Structures are given as structure tokens and as C-alpha cells.
Chemist: 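Got a structure here, written out as C-alpha cells. Questions coming.
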Amino acid sequence: MPRPFRFGVNLLTPAPAAEWRATCRRAEELGYDVILVPDHLGMVAPFPALVAAAGATERPRLGTLVLNAGFWNPALLAREVATTDALTGGRLELGLGTGYVQSEHDAAGLPFGSARERVDRLRHTVEELDRLLAAAGHGRRAPLLLGGNGDRMLRLAAEHADVVGFTGARLVPGSTVGKLEPVGAEGVGERVARYRELAAGRAQPAELNLLVQLVAVTDDPETALAPLLERQPRLTLDQALDLPVVLAGPLDDLVARARALRARFGFSYLTVLEPFMEAFAPVMERLRDESA
């Protein structure tokens, strides 16, 4: 049997307390299983935002998608994780990544390093977190999501992650500001296959997450995708519609596409960005009805 769907929304926009709580309550009303926040300068501070989300909601899990390991000292991060998990009633899901935006590290006065150095830093963070939380007497660690695409990152995820996050995008070579370009279905499939190869010896398979970048329930997907095609001029309309991170078209088509993402790649945990929270709700509702 396929793993049941879970759905998350990644909230990006800083807001006053009342507005933030209202957004979180709306995510719960729509049926999202997980309320998530990123870790970028200029966006919300992750842990206070999640504690506030917990105070406004009852059911959803609360997670980071994903913390930038380069921003965090492991000992201080362990304190944040333990406190946030306690204050959210055990609802925390911890997402970690290497970080990919050099300009943010520069602005914070923190070293960026090579890709190898960033993965090494993340491995150290993961291992230290486990040690520190165990030493402090925490009997359980929050479920761990690790996000990334490279072989060394996928190996780390195979060893440690409860959830593996795939972005369906890659950093444009030479970009220091985190400019991404989408990866087609073949490329995503190759990365998932490589992860499965590395994780073949696991006793329990990890949940696979995909961060969907665009959702549009529409009979005119060409218009909905015009901004994407302008940013990515090498893509044709058909290629854009086939991207795993794009869900654009009539409702029936989007429901079928989501089911196909699970059947083909194993993506049972789908996350959408805040601007598409409302648009994805009918897709989510249909998928829940079909599995009921």
C-alpha cells in the first residue's frame, strides 16, 4: 500500500501577531497537516514563529523547511529545539539543510564554504544534536527532515533522516543570491533512485517530501505559467507543465498529477508555498476523499 498523503504549507511572510495567528488558523482550517517556516534572512525567525503557530492551532505539526546549518551553533540549536518542542506540545518536526545562499552568509558575517564543507558542517550538526539532546535527557528527538540533492547529502539523509526533502530545483552555477532553476522529471527521478540505493539497508523507509513551487487550478495553464516561462526562457510550455514542482491545470488533472508524483517517485508528503495555500486546498481535499 502507498504511504498516506501528508500536506504542508511553507509560510514565508513576516506579519504582526494577529495576522500571523490568522494565517496559521486558516492553514489548519484548510486541512494542512504541517505548518512550516523557512530559514532565510528577511523572512520569519523560525522558532518564535512556530511557537506562535502552536498557540493559534491545535492539530498541525510544526516544522522548519529547512534550517540553514551554517546559521546555527549545534549547542545553541539543541536548546532551541528542546524548548520549541516543549512549547509546541511535541509537535515540532525539525528540517535541516546545508544552506545555499552565499549572500545571506556574507550579510550575517558567517562563512559559506564549499559544498563539501557545508555538508560536513551539516553532518556535524546532526550528530551533535543527537548527542546533546540525549545527554540532556530528552527521550525523543523531533522527527528529522534533511533536504538536498547531492550524493553526500543523500547519503547523510539515508543514515539519519525520518523525512527526505527534495526541492526539484538546483542552484544556478555561480549564483551567490540563491537563484534556482527547476529540474525535470527525469532528473528528479534519478536523484530519488540514488537516494533509494543509498538507503537500501534501512529498517524503516523514510517519508519523501517534495516542495511544490507553483499551484494553479485553471483551464488556462499557459497564462498561469507565463511568469515562470519568462524567468526560465529555455523551458517550453509542455516542459514546464511536466515539471514535478509545477501543478497547473484543471482540478481533475492536478489530483491525477499529485497521485502520479506518489506512484512514480514516492512523494507522499507534498508541501506548497504560502502564496498557493488556498489554491492547493481543493486538490488536497480531493486526495483525502479518495483515500478515505
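Model, not experiment: these values are computed from the prediction. Side chains included, hydrogens not; waters and symmetry mates left out as well; all remaining heavy atoms used. Residue numbers start at 1 and run along the sequence shown.
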Chemist: Given side chains that start at C-beta, do those of Arg6 and Leu270 come closer than 4.5 Å, heavy atoms only?
Modeler: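 The answer is no; the side chains never approach within 4.5 Å.
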Chemist: With a distance cut-off below 6.0 Å to the six-membered ring centre and an angular limit of 45° from the axis, does Arg262 pair with Phe5 as a cation-pi contact?
Modeler: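 Output yes; distance and angle both within limits.
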Chemist: Within the side chain of Arg170, is there an N or O that forms a donor-acceptor pair under 3.5 Å with the backbone of Pro182?
Modeler: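 Flag not set: sc Arg170 to bb Pro182 has no pair under 3.5 Å.
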Chemist: Is the shortest side-chain heavy-atom distance between Pro38 and Val66 below 4.5 Å?
Modeler: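 Sidechains of Val66 and Pro38: no contact.
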Chemist: May I ask you to test the Arg155-Arg194 pair for a side-chain heavy-atom distance under 4.5 Å?
Modeler: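 Touching, per the 4.5 Å side-chain cut-off.
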Chemist: Look at the side chain of Glu93 and the backbone N and O of Arg61, then say whether any donor-acceptor pair between them is shorter than 3.5 Å.
Modeler: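 Pair absent, no side-chain N/O of Glu93 close to backbone of Arg61.
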Chemist: Name the atoms and distances for all side-chain donor-acceptor pairs under 3.5 Å in residues 237-244, with sequence neighbours left out.
Modeler:
residue, atom, partner, partner atom, Å
Gln239, OE1, Thr236, N, 2.9
Gln239, OE1, Thr236, OG1, 3.4

Chemist: Got a donor-acceptor contact below 3.5 angstrom from the Thr88 side chain to the Asp85 backbone?
Modeler: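 A pair under 3.5 Å: yes.
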Chemist: As a test of understanding, state which of Val188, Leu180, Leu210 forms a side-chain contact (heavy atoms from CB on, under 4.5 Å) with Val245.
Modeler: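 It is Leu210; the other options fail the test.
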Chemist: Taking only residues two or more places apart in sequence or in another chain, which ones pass side-chain contact (heavy atoms from CB on, under 4.5 Å) with Ala82?
Modeler: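 Only Leu133, His138 meet the side-chain contact (heavy atoms from CB on, under 4.5 Å) criterion with Ala82.
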Chemist: Any pair with a residue in residues 42-51 that passes side chain to side chain donor-acceptor pair (under 3.5 Å), sequence neighbours left out, goes on the list, sorted by first then second residue, please.
Modeler: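 Non-adjacent pairs meeting side chain to side chain donor-acceptor pair (under 3.5 Å): zero.
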Chemist: Once you round to the nearest 0.5 Å, how far does OG1 of Thr271 lie from CZ of Phe280?
Modeler: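 Going from the OG1 atom of Thr271 to the CZ atom of Phe280 covers 9.0 Å.
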Chemist: Looking at side-chain heavy atoms only, is the closest gap between Leu94 and Leu129 below 4.5 Å?
Modeler: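 Leu94 vs Leu129: side chains touch.
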Chemist: Checking side-chain polar atoms at under 3.5 Å, does Thr223 have a donor or acceptor matched by the opposite partner on Asp220?
Modeler: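 Side-chain D/A pair, Thr223 to Asp220: present.
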Chemist: Atom CG in Asn149, atom CG in Leu171: separation rounded to 0.5 Å?
Modeler: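 Taking CG in Asn149 and CG in Leu171, the distance rounds to 10.5 Å.
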Chemist: Thr98 versus Arg121: any side-chain heavy-atom pair under 4.5 Å?
Modeler: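 They are not in side-chain contact.
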Chemist: Arg26: which residues meet the side-chain contact (heavy atoms from CB on, under 4.5 Å) condition with it, sequence neighbours left out?
Modeler: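 With neighbours one apart ignored, the set is Glu29, Leu30, Met277, Glu278.
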Chemist: Quick one: side chain to side chain donor-acceptor pair (under 3.5 Å) pairs with a partner in residues 36-47, sequence neighbours left out?
Modeler: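 Of all non-adjacent pairs touching residues 36-47, those that pass side chain to side chain donor-acceptor pair (under 3.5 Å) are Asp39-Trp72, His40-Glu104.
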Chemist: Do Arg257 and Asp252 sit within salt-bridge range, that is, some charged N less than 4.0 Å from a carboxylate O?
Modeler: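 Salt bridge absent between Arg257 and Asp252.
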Chemist: Would you say Leu146 and Leu156 make side-chain contact, with heavy atoms under 4.5 Å?
Modeler: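 In short, these two side chains touch, coming nearer than 4.5 Å.
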Chemist: Okay, side chain of Thr57, backbone of Pro60: is any donor-acceptor separation there less than 3.5 Å?
Modeler: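 Answer holds: no.
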Chemist: I'd like to know if the side chain of Arg288 reaches the main chain of Gly31, judged simply by a donor and an acceptor atom lying under 3.5 Å from each other, with no hydrogens or angles considered.
Modeler: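 Flag set: sc Arg288 to bb Gly31 pair under 3.5 Å.
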Chemist: Using 0.5 Å steps for rounding, measure from the CE atom of Met284 to the CG atom of Asp33.
Modeler: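 Rounded to the nearest 0.5 Å, the CE-CG separation comes out at 7.5 Å.
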Chemist: Scan for ring-ring contact (aromatic ring centres under 6.0 Å, His included) pairs involving residues 215-268, sequence neighbours excluded, and state none if there are none.
Modeler: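 Sorted pair list: Phe166-Phe267, Phe265-Phe267.
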Chemist: Do Glu159 and Leu198 touch side chain to side chain, with heavy atoms closer than 4.5 Å?
Modeler: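 With C-beta onward as the side chain, the pair stays apart.
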